[in-house]
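Accompanying notes for the structure given below.
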Amino acid sequence: MARRSCRASATILDPDVQVTVMTNTKNGNDITLQLDAMSKSFPGVKACDDISFAIESGEIHALLGENGAGKSTLVKMIYGLLRPDSGSMKFNSKPFTPEDPRTARAQGVAMVFQHFSLFDALSVAENMLLSVENEPISGISDKILSLSELYGLTLSPDQIVGNLSAGEQQRVEIVRCLLQKPQLLIMDEPTSVLTQFETEKLFHTLRQLVSEGIAVLYISHKLEEVRHLCDRATILRGGKVIDTCLPAEETAFSLATMMVGSEIVAPVRKQISLGQQCFRISGLGVASQTQFDTALVDINLSIRKGEILGIAGIAGNGQDELMLAISGESRSSTGEIWLEDQRIDGETTNERRRRGLVFAPEQRNGHAASIDMTLIENALLTASVRKSLTRNGIVDWDSTTRFAEEIVDQFDVRMPGVKHAARALSGGNLQKFLIGREILQAPKMLVVNQPTWGVDANAANAIRQALINMAGEGAAVLLISQDLDELLEIADKICVIHAGILSEPLSPETTSRAEFGLLMTGTENSHSVS
């Protein structure tokens, strides 16, 4: 087959066409990792199909593709978590067949996971010790503090990982990899929950690393990031290499088009008249349970039917505590929570769900879903109350199966079948399933935290459109997100949370990004007014 130029166009390629990627070096650099005809299948799906490309030393190489394209499966084979069905790898020109992650790390491969591989009950330092041998905990703690300060990824070695927000746990993953001094660093959605400042510091770090000859394989759905950071890109679709390009010569639109094989449709919101007040919080206070929690101070907000209210903020400023207080998973110290004309702050999570208040938390694995359960069982977990999936304590599995299939169909969840475990889904497809599970319960109000974390542009737009449609039908939506662009795109009003204090609601049309940034960093703050 003839080789394609490394310069890509936005032309839609036949998904069955395989592309032989150029493996010559851009600056005479050596090849760090060579992949040849790598394939891997699971029941009902071929995740990777004859994938070949090379990663050079001293380059940041993007691996792009929509959710389910095969990216995660491929990097798990590189990292020793999965064994390929066929194909071969070479690392620094030598055969590379890692039996497990420890073998891969020993040969110079480190990985930052999209879904964190951390132990919640252990401290930051103890988690680091699991991947760094022959190092006392005091030495690890000193290195954590040094790297945290150097790269702007603030961490305390003594913090318990289970008490950290998703953004803070991401910092643990990144610092742990930097401790290993890798020759190849794989990064799977590393900035999905980082602030702009943290992202810029990370990029500075990556550029330092590649200047020393380290190779970086970078997976991200943030295409503007890819354009500005990455030297080359390999694009997967349906488990195959479909194209290759120089990201700096592309637009985010053309990259997205190559990834999905069609034009990306942005979410559209029609002008609607807001209804009566649906939800109200008055004087809510939540005391810190540990030194790592953020206390909530005099939180006030109200949301009308048909309204999307956004909550912006840097990770660890009270978003998780607010979500838990609203859902009933933690109890407030002071204040009131009202759904329509019913006060609910004394009710359990199931009682709140029964009234029409549903929740989609930030952490997919373990909190929103049990990844070892089937999609049918995961559908039952939160929908049994509102969908009448149990009768006299007995599960109606036929109805539950139909509900799971309805979610898959309406939210374009790509997977082998609803009887498969949730772990068989890519992160984006699982996220679509979880958001769909809550929306299809026809709630009066949805509280959703980081709804598009780690999903591709197409899936993100689909999720945002679903939230818009839900509001258009008269429901209220509380959207907690660290993605300011997302909030500016679909929220009617935005509040900023900093150090447990909520700002007054601001209009996206009359408030500048700089003003939002000042509030997010605590330069300005005020209590909310309803």
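- At least one side-chain heavy atom of Leu81 sits less than 4.5 Å from a side-chain heavy atom of Pro101.
- Although no hydrogens or angles enter the test, the distance criterion places a donor-acceptor pair under 3.5 Å between the side chain of Lys71 and the main chain of Gly65.
- Residues that satisfy the side chain to side chain donor-acceptor pair (under 3.5 Å) test with Glu149, not counting sequence neighbours, are absent from this structure.
- Counting all heavy atoms, side chain and backbone alike, Met258 lies closest to Ile242 at O-CG2, 4.1 Å.
- Side-chain contact check for Val109 versus Ile186: some heavy-atom pair is nearer than 4.5 Å.
- Applying the side chain to side chain donor-acceptor pair (under 3.5 Å) test to Thr382 and every residue at least two apart in sequence or in another chain returns Arg437, Glu438, Gln441.
- At least one donor-acceptor pair under 3.5 Å links the side chain of His228 to the backbone N or O of Glu224.
- Considering only heavy atoms from C-beta on, Leu434 comes within 4.5 Å of Arg364 through its side chain.
- With rounding to the nearest 0.5 angstrom, the OG1 atom of Thr73 is 8.5 Å from the CD1 atom of Ile51.
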| request: Walk me through it: do Leu479 and Val447 pass the test side chain to side chain contact (heavy atoms under 4.5 Å, CB included)? | output: CA-CA 6 Å; Leu479 170 58; Val447 186; over 6 Å; no
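- Rounding to the nearest 0.5 Å gives a distance of 7.0 Å between SG of Cys245 and CG of Leu64.
- Considering only heavy atoms from C-beta on, Leu202 comes within 4.5 Å of Pro190 through its side chain.
- For Thr401, the side chain to side chain contact (heavy atoms under 4.5 Å, CB included) partners are Ile376, Glu405, Val418, not counting sequence neighbours.
- Electrostatic pairing of Lys46 and Asp85 does not count as a salt bridge here, judged by no charged N lying under 4.0 Å from a carboxylate O.
- In terms of modelled atom types and a separation under 3.5 Å, the side chain of Asp36 and the main chain of Ser52 share no donor-acceptor contact.
- Gln319 places a side-chain N or O within donor-acceptor distance of the main-chain N or O of Asn317, the cut-off being under 3.5 Å.
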| request: Take Leu440 and Phe403 through the side chain to side chain contact (heavy atoms under 4.5 Å, CB included) test and state the conclusion after the steps. | output: CA-CA 9 Å; Leu440 291 184; Phe403 179 57; 3.8 Å; yes
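- Here ring-ring contact (aromatic ring centres under 6.0 Å, His included) pairs that include residues 69-95, with residues two or more places apart or in two chains, are Tyr79-Phe113, Phe91-Phe96.
- Counting only heavy atoms from C-beta outward, the side chains of Ile480 and Met323 approach each other to under 4.5 Å.
- Residues satisfying the side chain to side chain contact (heavy atoms under 4.5 Å, CB included) criterion with Arg464, sequence neighbours excluded, are Pro267, Thr452, Ala460, Asn461, Asp483, Glu486, Glu489, Ile490.
- In this structure, Asn127 has no side chain to side chain donor-acceptor pair (under 3.5 Å) partners at least two apart in sequence or on a different chain.
- Every residue two or more places apart in sequence or in another chain that forms a side chain to side chain contact (heavy atoms under 4.5 Å, CB included) with Ala110 is listed here: Cys177, Gln180, Pro182, Leu185.
- Under the side chain to side chain contact (heavy atoms under 4.5 Å, CB included) criterion, Ala459 pairs with Asn67, Lys432, Val455, Asp456, not counting sequence neighbours.
- How far CG of Asp120 is from CG of Leu164: 9.0 Å, rounded to the nearest 0.5 Å.
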| Can Glu406 and Gln410 be said to form a side-chain hydrogen bond (donor to acceptor under 3.5 Å, both in side chains), step by step? | CA-CA 6 Å; Glu406 181 184 5; Gln410 291 199 27; 3.2 Å; yes
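- Salt bridge status for Arg414 with Glu66: present, with a side-chain N to carboxylate O gap under 4.0 Å.
- The aromatic rings of Phe53 and His61 lie parallel to each other, with less than 30° between the two planes, well short of the 60° mark.
- Checking Asn469 against Gln465 by side-chain atom types alone, a donor-acceptor pair falls below 3.5 Å.
- Every residue meeting the side chain to side chain donor-acceptor pair (under 3.5 Å) condition with Lys143, not counting sequence neighbours, appears here in chain and number order: Glu135.
- For the atom pair Ile60 CD1 and Leu217 CG, the distance stands at 11.0 Å (nearest 0.5 Å).
- The minimum heavy-atom distance linking Ser72 with Asp188 is given by the pair OG-OD2, 3.6 Å.
- Among pairs with a residue in residues 417-431, those fulfilling salt bridge (Lys or Arg N to Asp or Glu O under 4.0 Å) read Asp372-Arg423, at least two apart in sequence or across chains.
- Here the side chain of Gln34 pairs no donor or acceptor atom with the backbone of Met89 at under 3.5 angstrom.
- Shown here are the salt bridge (charged side-chain N to carboxylate O under 4.0 Å, His left out) partners of Lys76, two or more places apart in sequence or in another chain: there are none.
- Between Phe42 and His420, the ring center distance fails the sub-6.0 Å criterion.
- Comment: Glu56 engages Arg232 in a salt bridge, judged by a side-chain N to carboxylate O separation of less than 4.0 angstrom.
- Side chain of Lys240 to backbone of Asp50: no donor-acceptor contact under 3.5 angstrom is found.
- At a cut-off of 3.5 Å, with distance as the only test, no side-chain donor of Gln208 or Glu212 sits close to an acceptor on the other residue.
- Side-chain contact between Arg513 and Asp485 is present, with at least one heavy-atom pair separated by less than 4.5 Å.
- In terms of modelled atom types and a separation under 3.5 Å, the side chain of Gln431 and the main chain of Pro451 share a donor-acceptor contact.
- Looking at heavy atoms from C-beta onward, Leu206 lies in side-chain contact with Met187 at the 4.5 angstrom threshold.
- Residue Ile407 comes nearest to Ala379 through the heavy atom pair CD1-CB, 4.4 Å, listed as atom of the first residue, atom of the second, then distance.
- Between Leu487 and Ser481, the shortest heavy-atom contact is CD1-O, 3.6 Å.
- Rounding to the nearest 0.5 Å gives a distance of 11.0 Å between OG of Ser146 and CG of Leu178.
- Rounded to the nearest 0.5 Å, atoms OG (Ser156) and CD1 (Ile144) are 8.5 Å apart.
- Closest heavy-atom contact between Asp231 and Gly58: OD2-O, 4.4 Å.
- If you check the side chains of Thr191 and Glu225, you find a donor sitting under 3.5 Å from an acceptor.
- Formation of a donor-acceptor pair under 3.5 Å by the Thr234 side chain with backbone atoms of Thr244 is not found in this model.
- When side chains are defined from C-beta on, Leu430 counts as touching Asn365, because their heavy atoms get closer than 4.5 Å.
- Between the side chains of Thr103 and Glu99, no donor N or O sits under 3.5 Å from an acceptor N or O.
- Without hydrogens or angle criteria, Ser254 side chain to Glu250 main chain gives no donor-acceptor distance under 3.5 Å.
- In terms of heavy atoms, Gln183 sits closest to Gln107 at NE2-O, 3.7 Å.
- Residues meeting the salt bridge (charged side-chain N to carboxylate O under 4.0 Å, His left out) test with Arg402, sequence neighbours left out: none.
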